[in-house]
> 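What follows is a structure written as structure tokens; I'll ask about it next.
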2 protein chains.
Amino acid sequence: MKPANLKTLALELNLSISTVSKALRDSYEISQETKKKVTDLAKELNYQPNPFASGLRKKSSKTIAVIIPEIANNFFTLAMDGIQVIAQEMGYHVLTYLTQETLSNEIASINHLRSGRVDGVLMSICSETSNNSHLEMLNDIGIPVVFFDRVCENLPFPKVTTDDYESAFKATQHLIDANCKRIAFFGGSRHLSIMNKRRNGYLNALEKNNIEADPNLMLDFNDNNEENLQIIGSLLSGKNPPDGIFSAIEKLAINTYEICYQLDINIPNEVKIISFSNLRTASFLGPPLTTITQPAFEIGHEAAAILFRLIEKKQMNDIPDKVVLKSTLIARKSTL
Amino acid sequence: MKPANLKTLALELNLSISTVSKALRDSYEISQETKKKVTDLAKELNYQPNPFASGLRKKSSKTIAVIIPEIANNFFTLAMDGIQVIAQEMGYHVLTYLTQETLSNEIASINHLRSGRVDGVLMSICSETSNNSHLEMLNDIGIPVVFFDRVCENLPFPKVTTDDYESAFKATQHLIDANCKRIAFFGGSRHLSIMNKRRNGYLNALEKNNIEADPNLMLDFNDNNEENLQIIGSLLSGKNPPDGIFSAIEKLAINTYEICYQLDINIPNEVKIISFSNLRTASFLGPPLTTITQPAFEIGHEAAAILFRLIEKKQMNDIPDKVVLKSTLIARKSTL
DNA sequence: CTGAAAGCGCTAACAG
DNA sequence: CTGTTAGCGCTTTCAG
């Protein structure tokens with residue numbers, strides 16, 4: 001069935017299209033009486049304004065884009081939830097683009113934004129992103145952008161992150177306090193600033209405790225699960241295995257559990273593990289996993305809140321350049 | 001910076017707008033030479049067609065809506081991934097609406113569709129949805145719809161589900177085979193057909209084994225986590241507790257683990273558990289959880305594939321009314 | 001092969 | 001207070 005439009009309403013009520021339009025937007029130019037007639041009929045006919053027509057006219061769409069590496073990931077899922085909650089409140093629609101950790105997809109997604117389809121963008125960059133030329137285009141496009149979690153440091157957009165360096169430092173210190181001597185770092189792409197911060201937190205904690213960093217214990221992983229399992233397997237079954245692991249990525253901690261189950265390595269007796277993670281089941285793993293838990297929902301929520309202020313150009317005075325929401329270390333049996 | 005449009009290109013090349021438009025759409029009316037000039041310039045200027053203008057004109061938006069109860073849920077996250085993968089392939093944009101298990105949100109989301117903003121809808125209904133009047137509006141709107149997982153049985157839209165009845169039957173039989181005598185069923189809203197199917201599978205498996213169903217062991221849960229924990233707690237600490245639990249909802253299985261940890265109840269010795277679940281960590285729980293795992297990614301992927309055929313009116317002959325993708329029972333220690 | 005022109009539904013300036 | 005009109009950028013007849 002063809003949806004009702006302004007013309008339908010105008011015809012029915014013997015009014016002009018513009019009067020109907022103004023009435024619906026509650027313009028001061030229109031009499032109460034007319035407004036009532038119009039809104040009543042609109043409700044009756046389930047009138048919904050055509051978003052293309054008004055988008056075309058007003059150059060705004062009440063839509064934002066969320067560009068993230070993946071959705072099957074507890075952190076991004078929770079962040080997404082935080083974004084959606086506030087978007088729904090504000091009456092915005094949310095378009096999602098997954099880059100699948102692939103640069104070409106990220107570029108394609110950004111190119112979509114050029115068309116004016118969305119009023120703003122929330123973004124977490126993919127692990128392949130090293131050079132920023134495509135992100136700089138965001139500047140040219142002149143669209144509000146807020147980065148969250150995996151931010152791009154040298155671009156002039158607000159950033160919402162967690163205290164990656166401090167948390168990583170604490171995590172490492174936690175292992176040291178648990179008497180670990182050979183602590184491994186499981187990280188991801190060196191292109192990501194959050195990974196570098198976590199790595200630095202790790203290194204500085206070692207240094208502060210006069211432990212020499214062993215390059216053999218600092219592993220960078222990519223997105224290939226099979227390969228990652230092998231790397232972890234050879235590390236743990238090789239000579240001089242670590243007695244503590246700080247994983248900067250949830251997936252790698254789960255992989256480590258898998259390997260330990262396979263090789264019958266006892267956690268925490270033979271190796272202790274702490275990981276950045278938003279697993280809801282961390283407490284029920286065998287053994288329960290000590291985590292650095294990021295406030296994922298809040299990060300998404302806050303990033304979206306800033307974006308909406310940017311879009312609606314309200315309170316522009318107090319748009320922060322950076323927001324850092326603290327993560328929480330929750331000690332469980334895997335580091336006991 | 002203002003994005004390039006057809007006029008920009010036309011002016012630059014001394015061509016008419018319509019020629020440029022046709023050239024970009026590779027019309028047979030346009031010479032190869034002109035096409036090349038146009039596409040080259042378009043690439044150079046990063047031309048992206050204005051989606052509002054073409055949406056307005058063509059009454060199609062290359063956009064679909066996904067309406068789901070929640071995103072912080074392993075099943076829906078994976079389904080979403082399946083949807084996104086094929087949508088991206090097909091060049092479609094994906095709008096997500098979360099109903100948060102609330103009928104009023106579901107109605108609001110459906111009302112958004114009326115405007116022609118999207119070309120099709122993928123939907124999983126919320127647990128509050130009993131009466132279908134708002135879903136019937138989908139019919140009036142005349143937009144392609146495909147239901148997945150939480151389908152609405154009596155509406156004439158394709159449905160993609162898993163074999164809920166059979167899987168529930170198997171799950172219950174699995175507990176019976178493991179020597180459970182008092183098997184509890186943890187379910188959700190009675191409004192959802194999948195819940196009824198799972199409950200029926202449970203009941204029929206009991207019947208087939210000449211076990212009398214005990215109403216005290218059949219629990220319906222809602223979305224209130226605290227309350228659910230209490231209910232499970234009193235069941236397990238009461239007299240005549242179950243020696244087996246079949247949970248139709250992942251979250252309830254996790255809640256059960258929590259209570260068992262609290263009350264120091266040994267799984268599987270005192271109570272065995274099997275649950276519908278897409279937890280990636282099921283194997284690493286203490287103890288590993290026996291699951292009925294739905295092919296969540298595939299369900300999303302298949303539902304989207306059907307939707308796109310519907311939208312593009314291709315292969316309309318073989319649009320299935322129903323697709324059932326099988327779940328897998330993976331036996332682990334929680335039922336050993 | 002190319003161009004002119006109408007119109008999708010809405011908004012906003014301007015007239016009345 | 002209400003109506004007329006132009007035009008957002010694109011597609012699509014229809015003419016040439």
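Quick caveat, the model's predicted, so the values are computed rather than measured. Every chain is numbered from 1, with letters handed out A, B, ... down the list of sequences.
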> Consider only side-chain N and O atoms of A/T102 and A/T99, and report whether a donor and an acceptor are under 3.5 Å apart.
no

> Under 4.0 Å, heavy atoms only, any strand: does A/S54 hit a base, just the sugar-phosphate, or nothing?
sugar-phosphate

> Report yes if at least one side-chain N or O of B/R25 is closer than 4.0 Å to OP1 or OP2 of D/dT12; otherwise report no.
yes

> Map B/L15 and A/Y47 onto DNA chain C by nearest heavy atom, then report which one ends up closer to the 5' terminus.
B/L15

> Residues two or more places apart in sequence or in another chain: which of them pass side-chain contact (heavy atoms from CB on, under 4.5 Å) with B/D318?
B/R309, B/Q315

> Salt bridge check: are A/D119 and A/K62 linked by an N-O gap of less than 4.0 Å?
no

> Less than 4.0 angstrom between a side-chain N/O of B/T34 and OP1 or OP2 of C/dC1, yes or no?
no

> Identify every side-chain donor-acceptor pair in residues 153-160 of chain B under 3.5 Å, counting partners at least two apart or on other chains, and give the distances.
from	atom 1	to	atom 2	distance (Å)
B/E153	OE2	B/S193	OG	3.3
B/E153	OE2	B/K197	NZ	3.3
B/N154	OD1	B/N132	ND2	3.1
B/K159	NZ	B/L155	O	2.8
B/K159	NZ	B/F157	O	2.7

> Here's a test of your reading of the structure: between A/A4 and A/K22, which maps to the more 5' nucleotide of DNA chain C?
A/A4

> Using OP1 and OP2 only, check whether a side-chain N or O of A/S16 sits under 4.0 Å from D/dG3.
yes

> Expressed as a whole number of angstroms, how long is the span from A/L6:CG to D/dT5:P?
18 Å

> Provide, to the nearest angstrom, the distance between the OH atom belonging to A/Y28 and the P atom belonging to C/dA12.
12 Å

> Measure from CD1 on A/I30 to P on D/dG3 and round the result to the nearest Å.
8 Å

> For the pair B/K37 and B/E12, find out whether any cationic side-chain nitrogen is under 4.0 Å from an anionic carboxylate oxygen.
no

> Rounding to a whole Å, what distance do you find between B/E33:CD and C/dC1:P?
10 Å

> Looking at A/L15, A/L24, A/N50, which hits side-chain contact (heavy atoms from CB on, under 4.5 Å) with A/L6?
A/L24

> Might you list the N or O atoms of the protein lying below 3.5 Å from N or O atoms in nucleotides 5-8 of chain C, with each pair's distance?
from	atom 1	to	atom 2	distance (Å)
C/dG7	N2	B/R57	NH1	3.2
C/dC8	O3'	B/K59	NZ	3.1

> For the residue pair B/I141 and B/I110, what are the closest heavy atoms and their distance?
CD1-O, 4.0 Å

> Are B/S31 and C/dT2 close enough that a side-chain N or O sits under 4.0 Å from OP1 or OP2?
yes

> Whole angstroms only, please: what is the CD-P distance between B/Q48 and D/dC10?
11 Å

